[in-house]
Amino acid sequence: MRPITVTASDASVTPQASSLVRFDDWAPGPVSLQVTVTGTVNYTVQTSMDDPNSPTDPVAVGSMTWIPSTDTTVVGQSASKSSTFAAAPIFARVLLNSGNGSVSATFLQLSNGPI
């Protein structure tokens with residue numbers, strides 16, 4: 001999988017979520033991620049095992065359950081950080097909890113083939 005970068009900005013009024021990152025079902029974990037902060041923010045990296053595209057058990061995007069990362073290094077943070085997921089979830093995103101700055105997160109999943 002090529003690196004995927006998502007951003008969220010200006011949560012001074014309401015929390016803002018980045019776009020969703022979909023991981024490859026057929027590639028192994030781990031997933032590396034780097035979160036880069038600009039300005040004043042508080043963010044949390046979240047994962048979901050719900051899949052709106054599932055042929056047997058689809059979950060609407062608005063109804064997906066989002067869980068904070070198991071690595072507290074990227075939960076409720078205000079500084080740039082690096083982390084990993086030992087196993088790849090189906091989806092990930094960054095929730096900008098508060099602040100008038102922005103956050104950019106790049107995810108890279110280990111690949112079983114050329115990128």
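For this chain, numbers begin at 1 and follow the sequence in order.
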Novice: Using 0.5 Å steps for rounding, measure from the CZ atom of Arg2 to the OG1 atom of Thr106.
Specialist: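 If I round to the nearest 0.5 Å, the distance is 14.5 Å.
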
Novice: With a 4.5 Å heavy-atom cut-off, do Phe23 and Val31 have their side chains touching?
Specialist: yes

Novice: Given the rule that I, L, V, M, F, W and Y join up when any side-chain heavy atoms are under 4.5 Å apart, are Ile4 and Leu20 in one cluster?
Specialist: no

Novice: Hey, what do you get for OG (Ser98) to CD (Gln16), rounding to the nearest 0.5 Å?
Specialist: 11.5 Å

Novice: Please answer: with hydrophobic residues joined when any side-chain heavy atoms are less than 4.5 Å apart, are Val37 and Val21 in the same cluster?
Specialist: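 Yes; Val21 is reachable from Val37 via cluster members.
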
Novice: State, with a plain yes or no, whether a side-chain heavy atom of Thr7 is found less than 4.5 Å away from one of Val103.
Specialist: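 They are not in contact (no side-chain heavy atoms under 4.5 Å apart), so the answer is no.
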
Novice: Ignoring hydrogens and geometry, is there a side-chain-to-backbone donor-acceptor pair from Thr84 to Ala86 under 3.5 Å?
Specialist: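 Checking the backbone N and O of Ala86 against the side chain of Thr84, no donor-acceptor pair under 3.5 Å is found.
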
Novice: Can you measure from CG (Leu108) to OG1 (Thr5) and round to the nearest 0.5 angstrom?
Specialist: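 So the gap between those two atoms works out to 10.0 Å.
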
Novice: Kindly indicate, with the supporting measurements, whether the criterion side-chain contact (heavy atoms from CB on, under 4.5 Å) is fulfilled by Ser69 and Phe85.
Specialist: CA-CA 8 Å; Ser69 173; Phe85 301 144; 3.7 Å; yes

Novice: Sub-3.5 Å donor-acceptor pair from the side chain of Asn42 to the main-chain atoms of Gly76, do we have one?
Specialist: yes

Novice: Please report the closest heavy-atom contact between Val41 and Ser78, naming both atoms and the distance.
Specialist: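 Minimum heavy-atom separation between Val41 and Ser78: O-CB, 3.1 Å.
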
Novice: Using distance alone, with no hydrogens and no angle criterion, decide if Asp10 and Ser102 have a side-chain donor and acceptor under 3.5 Å apart.
Specialist: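 Checked: Asp10/Ser102 side chains show no N/O donor-acceptor pair below 3.5 Å.
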
Novice: Any donor-acceptor pair under 3.5 Å linking the side chain of Gln46 with the backbone of Val75?
Specialist: no

Novice: What's the shortest heavy-atom distance between Pro15 and Leu95, and which atoms?
Specialist: CB-CD1, 4.1 Å

Novice: My understanding is that only residues two or more places apart in sequence, or in another chain, count here; which of them pass side-chain contact (heavy atoms from CB on, under 4.5 Å) with Thr65?
Specialist: Asp50, Ile67

Novice: Counting N and O atoms only, with roles assigned by atom type, does the side chain of Gln109 sit under 3.5 Å from a partner on the main chain of Asp24, one being a donor and the other an acceptor?
Specialist: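 Looks like yes, one N/O pair under 3.5 Å.
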
Novice: Measure the spacing between OG of Ser80 and OH of Tyr43 and express it to the nearest 0.5 Å.
Specialist: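 Here the rounded value is 6.5 Å.
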
Novice: I would like to know whether Thr40 and Asn100 meet side-chain contact (heavy atoms from CB on, under 4.5 Å); could you show each step before the answer?
Specialist: CA-CA 6 Å; Thr40 303; Asn100 58 4; 4.1 Å; yes

Novice: Please report the interatomic distance OG(Ser48) to CZ(Arg22), rounded to the nearest 0.5 Å.
Specialist: 10.5 Å

Novice: Which residue pairs pass the salt bridge (Lys or Arg N to Asp or Glu O under 4.0 Å) test with at least one member in residues 56-81, sequence neighbours excluded?
Specialist: none

Novice: Check Ser18 against Ala8 and note the closest heavy-atom contact, atom names and distance.
Specialist: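 Smallest heavy-atom distance, with atoms named: N-CB, 4.0 Å.
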
Novice: Under a 4.5 Å cut-off applied to non-hydrogen side-chain atoms, are Val74 and Leu33 in contact?
Specialist: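 SC-SC contact between Val74 and Leu33 confirmed.
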
Novice: Among the clusters formed by ILVMFWY side chains lying less than 4.5 Å apart, do Val6 and Val35 turn up in the same one?
Specialist: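 Yes; Val35 is reachable from Val6 via cluster members.
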
Novice: Taking atom CG of Asn53 and atom CZ of Phe91, what is their separation to the nearest 0.5 Å?
Specialist: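 Taking CG in Asn53 and CZ in Phe91, the distance rounds to 5.5 Å.
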
